[in-house]
Amino acid sequence: MRVIAPKGRTDEVCAALEDCVGVTNVIVHPDAARRPAGDVVLCDLARESANEVIERLQALDIDHEGSIALERVDLSLSDVADHAEQAAPGHGDDAVVWEELAERTADDTRLTWSFVAFLVLATQLAGIAALIDSPVLVVGAMVLGPEFGAVAAICLGLLVGDLGRIGRALRTLAVGFCAAIAVTFVCALAGRWTGVIETAGLPVERPLTAFIYSPDRWSFIVALLAGAAGVLSLTAGKSSALVGVFISVTTVPAAGNLAVALALGHRSEISGSVLQLLVNLAGMVIAGLVTLLVQRVVWDLIRKRQTRGRFPTT
């Protein structure tokens with residue numbers, strides 16, 4: 001952690017850091033910061049203690065008057081650091097750094113060209129998968145789909161009551177999917193007019209990809225599991241950042257199938273694709289919200305137990 005403490009506030013910052021059992025290797029560089037001006041305080045802290053330290057520094061208004069930055073350390077050879085990690089509550093891999101999650105999901109609610117481009121490409125792949133009944137391309141579309149970050153932002157927004165975050169995420173999803181479906185629809189029409197796609201392009205029997213437009217109870221169950229897995233991938237300490245990208249389930253495939261069905265006039269698959277898309281989004285939001293709620297409750301209990309251990313009642 002790197003903290004820029006305003007002049008005269010360094011002792012308060014150091015006291016807040018040193019009072020946390022998960023903090024060690026505290027270093028002070030007087031007058032090292034220029035913008036904002038102040039002292040630079042560096043320290044190592046266990047991931048599971050990050051929330052406690054951030055809350056203490058925010059209580060001192062350091063996030064407004066100075067600066068707080070966190071960076072992951074891949075290797076630390078230090079007995080005191082090992083002791084600090086052992087003394088910190090819980091396990092670092094299970095800890096949720098809430099400010100980190102808030103920043104990450106805030107980025108995912110921004111409607112960027114790259115978000116739309118990835119969603120368009122994923123939906124195009126899904127449309128081709130529907131035409132040739134290819135589960136491999138369905139998986140490829142799921143890998144490319146970038147929408148889970150916005151879904152996770154909705155989950156966090158519901159947890160903390162942030163209506164602005166929810167609204168931005170919903171707008172990003174709505175605009176992104178509408179653009180992706182529109183582009184895929186136009187491409188499918190062009191393919192139909194040029195003869196690349198036959199009028200009856202969608203196969204009558206699709207044993208490998210029929211689940212895209214045929215929602216049932218398993219669709220909702222899979223969405224629940226995927227939503228929980230996606231949130232865990234965003235919050236777990238050792239989980240790869242790419243894991244969350246893979247959690248598209250059948251949202252993007254359903255969007256691709258919808259676009260192609262609209263272009264080819266297959267009305268029987270349009271309603272099923274829409275319902276599949278909505279079922280999966282709803283399932284992921286519900287599971288993601290419950291997962292975050294459980295994580296918050298568990299860590300609150302862990303921190304309360306630690307507090308009782310440090311300050312026993314008489």
Side-chain angles (χ1 to χ4, degrees), residues 104-156 168-188 208-215 219-220 222-234 239-262 269 272-288 291:
R104 179 182 294 185
T105 55
D107 290 338
D108 291 331
T109 63
R110 296 187 177 95
L111 185 62
T112 62
W113 285 111
S114 60
F115 176 89
V116 175
F118 272 115
L119 197 53
V120 167
L121 292 172
T123 306
Q124 295 259 32
L125 276 180
I128 297 173
L131 288 168
I132 63 176
D133 194 30
S134 171
V136 175
L137 290 183
V138 169
V139 174
M142 291 165 58
V143 171
L144 275 180
E147 78 281 6
F148 186 77
V151 173
I154 294 174
C155 298
L156 182 61
R168 289 189 297 272
L170 288 174
R171 181 201 61 180
T172 297
L173 287 174
V175 174
F177 272 111
C178 286
I181 291 171
V183 171
T184 305
F185 171 77
V186 171
C187 290
L208 301 179
T209 59
F211 63 91
I212 293 175
Y213 60 90
S214 304
S219 301
F220 187 67
V222 169
L224 291 175
L225 295 174
V231 166
L232 288 174
S233 76
L234 290 175
S239 180
S240 169
L242 290 177
V243 176
V245 180
F246 286 83
I247 311 298
S248 286
V249 204
T250 52
T251 51
V252 167
N257 193 83
L258 171 62
V260 174
L262 285 169
E269 296 188 14
S273 299
V274 172
L275 184 58
Q276 181 74 276
L277 178 61
L278 296 177
V279 164
N280 279 279
L281 288 174
M284 286 192 291
V285 168
I286 292 171
T291 302

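Reckoned from all heavy atoms, side chains included, excluding hydrogens, waters and symmetry mates.
With rounding to the nearest 0.5 angstrom, the CG atom of L277 is 9.0 Å from the CD atom of E147. Atom CG of L234 sits about 5.5 Å away from atom CZ of F148, to the nearest 0.5 Å. Interatomic distance, L278 CG to Q276 CD, rounded to the nearest 0.5 Å: 10.0 Å. Distance OG1/T105 to CZ/R168: 9.0 Å, rounded to 0.5 Å.
Contacts of T291 classified as side chain to side chain donor-acceptor pair (under 3.5 Å), with partners at least two apart in sequence or in another chain: none. The side chain to side chain contact (heavy atoms under 4.5 Å, CB included) search around L170 returns I154, I166, not counting sequence neighbours. Legend: residues meeting salt bridge (charged side-chain N to carboxylate O under 4.0 Å, His left out) with R171, ordered by chain and number and at least two apart, are absent. The side chain to side chain donor-acceptor pair (under 3.5 Å) search around S273 returns N257, not counting sequence neighbours. Taking L275 as the reference, P215, V279 meet the side chain to side chain contact (heavy atoms under 4.5 Å, CB included) condition, with sequence neighbours excluded. Remark: A261 pairs with L202, H266, E269, I270 by the side chain to side chain contact (heavy atoms under 4.5 Å, CB included) rule, at least two apart or across chains.
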- Show your reasoning for whether side chain to side chain contact (heavy atoms under 4.5 Å, CB included) applies to F177 and T251. CA-CA 9 Å; F177 272 111; T251 51; 4.2 Å; yes
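Every pair passing side-chain hydrogen bond (donor to acceptor under 3.5 Å, both in side chains) that includes a residue from residues 125-144 is listed here, sequence neighbours excluded: D133-T209. Sorted by first and then second residue, the pairs that involve residues 107-126 and meet salt bridge (Lys or Arg N to Asp or Glu O under 4.0 Å), not counting sequence neighbours, are D107-R110.
Within the 4.5 Å cutoff, side-chain heavy atoms of F220 are placed close to those of I286.
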Could you list the donor-acceptor pairs under 3.5 angstrom formed by side chains in residues 113-130, with sequence neighbours left out?
unit_1	atom_1	unit_2	atom_2	d
S114	OG	T112	OG1	3.1
T123	OG1	L119	O	2.7

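In this structure, T184 contributes its side chain and I181 its backbone to no donor-acceptor pair below 3.5 Å.
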